[in-house]
Amino acid sequence: MALIKVKSYMVRKISINQVDYIRNDVLLYVSEEHQYSILLCQKIREGFRKEIDIKRIKRYADWFFETYLNPLITHEEQFVFPVIGMKNPRVKRALANHRRLRRLFNQTIDLNKALNYIEEELQQHVSYEQRVVFNEFENKASETDLAIIKNNIQKKIFEDNLEDTFWV
């Protein structure tokens, strides 16, 4: 990642799903978590391709959701979206996506359908946030906003659950 100074804060170039973005250091953590979400989508696709028992795929997806994704989207809702404005149409769309993803992850019946939707919608949602929401955040965020968010980031080093590596 290249380090670049913009305004009075540092930004880095990050590649997500083969697309390069320039991200404020404050959003770098969220962008890195988005990369792991894309990996989840790839693992789900691989599980389907290999015809893995759906319960195994769901168990891993549930672990990922509880450990990484749900805390991430909660963080976005508490700290990133208010900077843009909770009534902003782009934020409203992102919040609707978050509600939909939570419902899909909490689904206990028709797991095949739920996992298919998770794989598709999570991929689209990450792309939307990176292309639209985060650009708007970076345009609107003040130095104070950035400092507040930076102080409230609870970085978690990604440690994959390797108990059942069905995707290998």
Side-chain angles (χ1 to χ4, degrees), residues 14 16-19 21 23-24 26-48 52-142 145-146 148-161 166-167:
I14 187 167
I16 297 174
N17 208 24
Q18 301 176 341
V19 178
Y21 299 96
R23 282 290 160 250
N24 176 299
V26 171
L27 285 181
L28 190 61
Y29 161 73
V30 178
S31 292
E32 287 172 351
E33 293 291 317
H34 278 171
Q35 287 179 311
Y36 302 129
S37 296
I38 297 298
L39 286 175
L40 170 64
C41 296
Q42 292 171 347
K43 290 172 182 177
I44 291 170
R45 277 193 302 274
E46 190 62 16
F48 284 136
I52 300 297
D53 179 52
I54 203 73
K55 290 177 184 171
R56 290 174 61 193
I57 301 170
K58 178 71 164 114
R59 189 175 20 238
Y60 179 82
D62 287 347
W63 167 84
F64 183 87
F65 178 74
E66 290 303 320
T67 307
Y68 292 101
L69 186 58
N70 197 41
L72 171 67
I73 60 181
T74 299
H75 175 80
E76 290 173 350
E77 292 167 358
Q78 289 176 335
F79 299 105
V80 176
F81 296 168
V83 171
I84 301 167
M86 299 305 277
K87 294 186 180 198
N88 180 294
R90 290 164 214 47
V91 169
K92 284 183 174 185
R93 177 177 167 187
L95 287 168
N97 290 345
H98 285 183
R99 284 190 303 275
R100 171 86 170 135
L101 287 166
R102 283 182 173 118
R103 278 194 308 273
L104 288 169
F105 276 99
N106 289 321
Q107 200 165 323
T108 57
I109 54 173
D110 205 356
L111 299 181
N112 192 45
K113 186 175 180 180
L115 285 167
N116 269 300
Y117 281 132
I118 287 169
E119 182 271 323
E120 291 172 4
E121 293 185 26
L122 183 56
Q123 182 104 23
Q124 290 171 2
H125 175 68
V126 166
S127 177
Y128 175 73
E129 282 192 347
Q130 290 293 329
R131 285 183 298 102
V132 178
V133 177
F134 290 176
N135 287 340
E136 188 148 346
F137 169 84
E138 288 180 321
N139 289 331
K140 290 190 175 190
S142 69
D145 294 327
L146 295 173
I148 290 169
I149 293 170
K150 192 169 189 171
N151 290 333
N152 285 287
I153 290 175
Q154 296 177 357
K155 285 191 176 185
K156 191 176 206 175
I157 296 172
F158 184 76
E159 292 182 33
D160 208 349
N161 181 346
F166 62 83
W167 58 87

Practice task
Using distance alone, with no hydrogens and no angle criterion, decide if D160 and Y68 have a side-chain donor and acceptor under 3.5 Å apart.
Solution key: no
Exercise for the section: Go through the steps for N70 and R102 under the test side chain to side chain contact (heavy atoms under 4.5 Å, CB included), then give the verdict. Expected result: CA-CA 8 Å; N70 197 41; R102 283 182 173 118; 2.9 Å; yes
Handout entry: Minimum side-chain heavy-atom gap E33-E76 below 4.5 Å
Key = no
Handout entry: Listed partners of F48 passing ring-ring contact (aromatic ring centres under 6.0 Å, His included), at least two apart
Key = none
Completion exercise
Nearest heavy-atom approach of I149 to H75 is CG2-NE2, 4.1 Å
Practice task
Indicate yes or no: at least one non-hydrogen side-chain atom of K43 is less than 4.5 angstrom from one of I57.
Solution key: no
Problem - Point-to-point distance, once rounded to the nearest 0.5 Å, from CG of N116 to CG of L111 - result: 11.0 Å
Handout entry: Value rounded to 0.5 Å, distance of OG1 in T74 from CG in L69
Key = 9.0 Å
Exercise for the section: Heavy atoms only: give me the nearest L122-S37 pair and the separation to one decimal. Expected result: CD2-O, 3.7 Å
Completion exercise
When every non-hydrogen atom of V133 is compared with those of A94, the smallest separation belongs to CG2-CB, 4.3 Å
Problem - Parallel, tilted or perpendicular: ring planes of Y60 versus F166, cut at 30 and 60 degrees - result: perpendicular
Fill in the blank from the handout: So CZ of F79 and CG of N152: to nearest 0.5 Å the spacing works out to 3.5 Å
Fill in the blank from the handout: Output for pair (E136 CD, E138 CD), nearest 0.5 Å, gives 11.5 Å
Practice task
Taking all non-hydrogen atoms of both residues into account, name the closest pair between Q107 and K58 and its distance.
Solution key: O-CE, 3.2 Å
Problem - Non-hydrogen atoms of K140 and D145 that approach each other most closely - result: O-OD2, 4.1 Å
Practice task
Determine which pairs satisfy ring pair (Phe, Tyr, Trp, His ring centres under 6.0 Å) with at least one residue from residues 105-131, sequence neighbours left out, and list them in order.
Solution key: F65-F105, H98-H125
Problem - Side-chain touch R56/W167, heavy atoms, less than 4.5 angstrom - result: no
Exercise for the section: Please round to the nearest 0.5 Å and tell me the distance separating atom CZ of R100 and atom CD of E121. Expected result: 4.0 Å
Exercise for the section: Would you check if Q42 and L39 make a side-chain contact, meaning some heavy-atom pair closer than 4.5 Å? Expected result: yes
Practice task
Mind checking side-chain contact (heavy atoms from CB on, under 4.5 Å) for L95 and listing every partner two or more places apart, or none if nothing turns up?
Solution key: E77, F81, M86, V91, R99
Problem - Distance in Å, I54 CD1 paired with I44 CD1, rounded so as to fall on 0.5 Å steps - result: 8.5 Å
Completion exercise
Nearest heavy-atom contact between I84 and N88 is CG2-ND2, 3.4 Å
